[in-house]
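These notes are about the structure you will find just below.
The shown structure was predicted, so the numbers you read here are calculated from the model rather than taken from an experiment.
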Amino acid sequence: MAPSSTVPEQLRGPAERLFGDRLDLAERFTGMLAEQGPERGLIGPREVDRLWERHVLNCALLADAIDEVGATGRPVGTLADVGSGAGLPGIVIAIARPGLRVTLIETMQRRTTWLDEVNAELGLGIEVVRARAEELHGERDFDLVTARAVAALDKLAKWTLPLATAGGTLLAMKGGSAAEEIDKAAPVLRRLGGTDARIERYGDGEVEVPTTVVHVLRTPQATRKGGRRG
């Protein structure tokens, strides 16, 4: 197994915790991404040597956020990942949490082709949809909607929250500007039925840079078209 695909020893603990007996699938995916990602325009060449820390484990820690949502009693059976790109976080989550029915939503043909190939190679049983998120509003809904590095929260919410079922949750992976993004997005979130926006960090003490996730609950009063009843 190539060095870039094997989880680094210092990260093996969190990797084994998050992936369990499916760690081999995570290593295979990382190997595919290291080998093909740069030439197919999925990742930059400089990212190959830091795939595990900066990308794969960063995304895998989102599984902790998913488990946290499930612990509240809210449904976590279906998940849509918007703007899946190289499969981050959608493919990683499908590996880490095989009980979820995962749908990857991506607009670019070359990326959906890649996602289909990974799905077939690893036997993940996920759904890949080539579409803009807005095209699925009113047609599809999911218990969880995820996104990583797609857009600022005010814009991202317009694309993603209408895909969340009433009582569903948006989990947006963000960086240091998360608090400012929540403040700026507040009017949009209210209009879309988004509430209880909060920031959580996952991986403290396990990885050098923990994963920051913005949780937004979609209220039962929200309609599929993104407004509110009444």
Side-chain angles (χ1 to χ4, degrees), residues 1-35 37-38 42-72 76 79 81-100 102 104 118 122 124 144-153 156 169-182 197-216:
M1 192 174 285
S4 55
S5 64
T6 305
V7 60
E9 192 58 38
Q10 70 271 22
L11 299 175
R12 182 159 291 275
E16 290 179 341
R17 178 180 72 80
L18 291 161
F19 291 111
D21 61 5
R22 291 166 66 88
L23 180 56
D24 64 318
L25 288 177
E27 290 183 323
R28 287 170 61 189
F29 168 64
T30 305
M32 292 176 69
L33 195 52
E35 181 180 350
L42 299 166
I43 58 171
R46 295 182 180 180
E47 301 305 306
V48 171
D49 291 335
R50 51 188 185 182
L51 276 175
W52 275 102
E53 184 169 357
R54 294 290 186 91
H55 299 286
V56 178
L57 275 184
N58 175 257
C59 291
L61 285 163
L62 189 61
D64 286 341
I66 292 169
D67 294 345
E68 191 175 278
V69 172
T72 68
V76 293
L79 180 148
D81 182 43
V82 173
S84 291
L88 304 166
I91 291 286
V92 175
I93 292 302
I95 295 171
R97 293 295 180 268
L100 285 173
V102 174
L104 308 183
V118 173
L122 302 184
L124 298 177
L144 301 165
V145 182
T146 59
R148 178 184 191 243
V150 172
L153 186 60
L156 180 67
T169 305
L170 167 64
L171 298 173
M173 299 177 67
K174 288 294 177 181
S177 64
E180 291 83 356
E181 288 192 38
I182 288 176
R198 59 188 175 88
I199 301 168
E200 299 290 346
R201 284 160 50 100
Y202 302 93
D204 280 307
E206 290 186 301
V207 294
E208 184 177 348
V209 180
T211 296
T212 300
V213 180
V214 173
H215 292 236
V216 181

Distance, nearest 0.5 Å, that separates [atom1] of [X] from [atom2] of [Y]:
| X | Y | atom1 | atom2 | result |
| --- | --- | --- | --- | --- |
| Leu104 | Asp81 | CG | CG | 6.0 Å |
| Leu170 | Leu153 | CG | CG | 7.0 Å |
| Asp67 | Leu62 | CG | CG | 10.0 Å |
| Asp64 | Leu171 | CG | CG | 11.5 Å |
| Glu208 | Glu53 | CD | CD | 5.0 Å |
| Leu25 | Ile91 | CG | CD1 | 10.5 Å |

query: After noting the C-alpha distance and the side-chain angles of Ile43 and His55, does the key distance pass the side chain to side chain contact (heavy atoms under 4.5 Å, CB included) rule?
result: CA-CA 10 Å; Ile43 58 171; His55 299 286; 5.5 Å; no

message: Applying side chain to side chain contact (heavy atoms under 4.5 Å, CB included) to Val102 and Leu124, what does each step give before you reach the verdict?
response: CA-CA 9 Å; Val102 174; Leu124 298 177; over 6 Å; no

His215 and Tyr202 aromatic ring geometry - parallel, tilted or perpendicular at 30°/60° bounds: tilted

Looking at [X] and [Y], what are the two nearest heavy atoms and their distance?
| X | Y | result |
| --- | --- | --- |
| Phe29 | Gly87 | CZ-O, 4.2 Å |
| Ser5 | Trp52 | O-NE1, 3.2 Å |
| Gly175 | Thr212 | O-CG2, 4.1 Å |
| Ala86 | Leu33 | CB-CD1, 3.9 Å |
| Val214 | Ala178 | CG2-CB, 4.0 Å |
| Gly85 | Leu42 | O-CD2, 4.4 Å |

field: Heavy atoms from other residues, nucleotides or ligands near CZ of Arg22 exceed 12 (cutoff 6.0 Å)
entry: yes

Is there side-chain contact between [X] and [Y], with at least one heavy-atom pair below 4.5 Å?
| X | Y | result |
| --- | --- | --- |
| Met32 | Val118 | yes |
| Leu57 | Leu18 | yes |
| Ile95 | Phe19 | yes |
| Glu68 | Val76 | no |

- request: Could you walk me through whether Thr169 and Ile66 pass side chain to side chain contact (heavy atoms under 4.5 Å, CB included), step by step?
  value: CA-CA 9 Å; Thr169 305; Ile66 292 169; over 6 Å; no

Donor-acceptor contact below 3.5 Å, side chain [X] vs main chain [Y]:
| X | Y | answer |
| --- | --- | --- |
| Glu27 | Val7 | yes |
| Thr211 | Asn58 | yes |
| Arg148 | Met173 | no |
| Arg97 | Ala60 | no |

field: Arg12: partners by side-chain hydrogen bond (donor to acceptor under 3.5 Å, both in side chains), with sequence neighbours left out
entry: none

message: As a quick check of understanding, evaluate side chain to side chain contact (heavy atoms under 4.5 Å, CB included) for Leu79 and Ile93, giving each step before the final call.
response: CA-CA 9 Å; Leu79 180 148; Ile93 292 302; 4.1 Å; yes

